[in-house]
K.L.:
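Please see the structure below; I have some questions.
Atom set for the values below is all heavy atoms of this structure, side chains included, hydrogens, waters and symmetry mates excluded. Labels below follow one simple rule: chain letters A, B, ... track the order of the sequence lines, proteins then strands, and each chain is numbered from 1.
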Amino acid sequence: MIILGIESTAHTFGVGIVRDKDPFILADVRANYVPKEGGIHPREASRFFATKAHEVIKQALEQARISINDTDAIAVALGPGLGPCLRVGATIARALASFFNKPLVPVNHSVAHVEIGLKLTGARDPVIVYLAGGNTMIIAFNDKRYRVFGETLDIALGNLIDVFAREVGLAPPYVRKGVHVVDECADKGSKLLNLPYIVKGQDVSFSGLLTAALKHYKTGKYRLEDICYTLREIAYSMVVEVSERALAHTGKNEILLVGGVAASKRLQEKFKLMAKIYDASVHVVPPRYAVDNGVMIAWTGLLAYKHGVVIPVEKAVVRQRWRLDEVEIPWRS
Amino acid sequence: MAFRRGGDTLEKLELIYKGAEAYLFRSTFLDTDVIVKYRLPKPYRDPLLDRRIRRDRTILEARIIARIKELGVPVPTLYMVDPEKAIIIMEYIHGIRLKELINHANISTIETYVREVGRSIGIMHSAGIVHGDLTTSNIIVKEDTPYIIDFGLAQYSDELEDKGVDIHLFLRSLESTHPRFVDRLFKAFMKGYEEIVGSRGKESILEKVREIRMRGRYVEERKLRKQ
């Protein structure tokens, strides 16, 4: 079985082609939208996707050395994400499905991050920590679905460090040689400042931390390195603390880190220190698949398609706020 | 482990609960059954941050318990606090958790308890205190009185947001562990709450709870708002 998957939820237009035996990745092509300044401008990103899509799909088919006729189904990320961006991927997927008469498989982007993490790390039944620009969630599989144990009450962890980096002039670019600029700056700091640490039950809140960190910066009285150090120390510790609660509560013995922020070495270190208390193991999705990509959509599409999950073309509309705990997962029990 | 303070020695520390944040020991102190709550150091936090969090949370928890007790809300009595060691010694409440009781006692009795809890939370909120982890596991019924326990995440706050989170967490715990009785029990809770804060206070908090749910994880309610 061969599945072609399309990702276009935010800044990456990605096409992956996978099959149901290892090595499972046949193709992985991506086009990344990089804003000239500021954050993602959804409409600009979608225009960029529209101009690149044709080329990306063609390259992916070439890389896999197949024709589109060889695929069994088309998978597409219908959400969650930015409306204009999602619509590009959805439109193309619907067109391919109807023109080549292929089944269309709806994929939830968050579920895809989790599934590719499980596939590539071999973790069996972990507490999953999904940390990205738009998402901060502590997840565990239970009774047919991925359940959210805790999440951010306001902005995502990735958003916190990206906005801070941008506001104080550290970014763009946000990542240099695989290291986030806030991480890089924090490595040079050492002094813990008095910034708020906000955990509410299983949930975290970052907006107060962001405001306080920016206020500290604007006074000019503190070294930026120390602000970065404190911001990182507090934000990461908050996430580790709620993950620890989920681990203690569920009694699971594995932790899986997925999403773009999972690449942070300091974050991984903190998770390892926590896991040691419970004799749990820490798995981290490889950096290339921590960020958005088409392979994860194709792979999740393959799992879903094997269990009969398809969507009629006319019903395949995007869902900007499609939560992962709404999705039934028939391929796990 | 043995904790000593002056001449008083805690007898026979028995570990009864290993939480992610703290260990609870059962013991006797001055001839009384007590709970010893010890906040654990975390190796993954900057040591200064770790000390700050453990000390601050210990002090805050103790202050809040004392304050709520003054207001007449049933909570454990405090016996000793040591912020630097992150230890609180308090009364052991001999009773049954509401979470377990719900599946065994009759529903109208439970309603009475939950309404009482609503009153307690109303009193706390009116005094600018939020619990922070209000679930049916954190309520113990002793001699027909529901005691609220575990103020580990409680804080002083007059923000409607924080109060809304309390109600939201309580509703969520009813939904996840007692789905059959959610509506009845939540209504009883809000009735007790309203008795303290009045109908305007109740309406504004319910509005806030709806907003929190729409922002966060409750997509179905978000859809309702759009219609």
K.L.:
Within a radius of less than 6.0 Å around CZ of B:Arg180, do more than 12 heavy atoms belonging to other residues, nucleotides or ligands occur?
P.N.:
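Atom CZ in B:Arg180 is not crowded, with 12 or fewer foreign heavy atoms closer than 6.0 Å.
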K.L.:
Given that the side chain runs from C-beta out, which part of B:Leu49 has a heavy atom under 4.5 Å from chain A: side chain, backbone, both or neither?
P.N.:
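Both backbone and side chain of B:Leu49 come within 4.5 Å of chain A.
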K.L.:
Does B:Lys142, at its NZ atom, have more than 12 non-hydrogen atoms belonging to other residues, nucleotides or ligands within less than 6.0 Å?
P.N.:
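Check passes, neighbour count above 12.
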K.L.:
Indicate yes or no: at least one non-hydrogen side-chain atom of A:Asn194 is less than 4.5 angstrom from one of B:Arg52.
P.N.:
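Heavy-atom side-chain distance check passes, below 4.5 Å.
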K.L.:
How long is the straight-line distance from CD of A:Glu244 back to CG of B:Leu40, given to the nearest 0.5 Å?
P.N.:
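If I round to the nearest 0.5 Å, the distance is 8.0 Å.
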K.L.:
Give, as side chain, backbone, both or neither, the part of A:Tyr229 having an atom under 4.5 angstrom from any heavy atom of chain B.
P.N.:
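Side chain of A:Tyr229 only, per the 4.5 Å heavy-atom cut-off to chain B.
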K.L.:
Sort A:Leu267 into side chain, backbone, both or neither according to what part of it lies under 4.5 angstrom from a heavy atom of chain B.
P.N.:
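Interface part for A:Leu267: neither.
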K.L.:
Side chain, backbone, both or neither: which part of A:Tyr278 has a heavy atom under 4.5 Å from chain B?
P.N.:
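A:Tyr278 touches chain B through side-chain heavy atoms alone.
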K.L.:
Take a 6.0 Å sphere around OH of B:Tyr156 and say whether it holds more than 12 heavy atoms from other residues, nucleotides or ligands.
P.N.:
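Result for OH/B:Tyr156: enclosed.
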K.L.:
Charged N to carboxylate O below 4.0 Å: is that the case for A:Glu241 and B:Arg57?
P.N.:
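Result for this pair is yes, salt bridge flagged.
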K.L.:
Can you measure from CG (A:Asp154) to CD (B:Glu161) and round to the nearest 0.5 angstrom?
P.N.:
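So the CG of A:Asp154 and the CD of B:Glu161 are separated by 8.0 Å.
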K.L.:
Look up atom NZ in A:Lys191 and atom CG in B:Asp46, then write down how far apart they are to the nearest 0.5 Å.
P.N.:
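The NZ atom of A:Lys191 sits 12.5 Å away from the CG atom of B:Asp46.
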K.L.:
For A:Leu195, is it the side chain, the backbone, both, or neither that has a heavy atom closer than 4.5 Å to a heavy atom of chain B?
P.N.:
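Backbone only.
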K.L.:
Output the option from B:Leu153, B:Val165, B:Asp133 having the highest count of non-hydrogen pairs under 4.5 Å with chain A.
P.N.:
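It is B:Leu153.
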K.L.:
Mark yes when over 12 heavy atoms from residues, nucleotides or ligands other than B:Lys69 sit less than 6.0 Å from its NZ; otherwise mark no.
P.N.:
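Yes, NZ of B:Lys69 has more than 12 neighbouring heavy atoms, counting only those of other groups under 6.0 Å.
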K.L.:
Please state whether the side chain, the backbone, both or neither of A:Ile277 comes within less than 4.5 Å of a heavy atom of chain B.
P.N.:
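Side chain only.
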K.L.:
Take atom CZ of B:Arg63 as the centre, draw a 6.0 Å sphere, and report whether it contains more than 12 heavy atoms from other residues, nucleotides or ligands.
P.N.:
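No, CZ of B:Arg63 has 12 or fewer neighbouring heavy atoms, counting only those of other groups under 6.0 Å.
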K.L.:
Of all the heavy-atom pairs spanning B:Tyr44 and A:Arg266, show the shortest one and how long it is.
P.N.:
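That would be O-NH2, 4.3 Å.
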K.L.:
Identify which part of B:Ile53 has an atom lying under 4.5 Å from any heavy atom of chain A, answering side chain, backbone, both or neither.
P.N.:
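The answer is the side chain of B:Ile53.
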K.L.:
Are B:Arg172 and A:Asp203 ion-paired here, with the side-chain N under 4.0 Å from a carboxylate O?
P.N.:
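Looking at A:Asp203 together with B:Arg172, the answer is yes, because their closest N to O distance falls below 4.0 Å.
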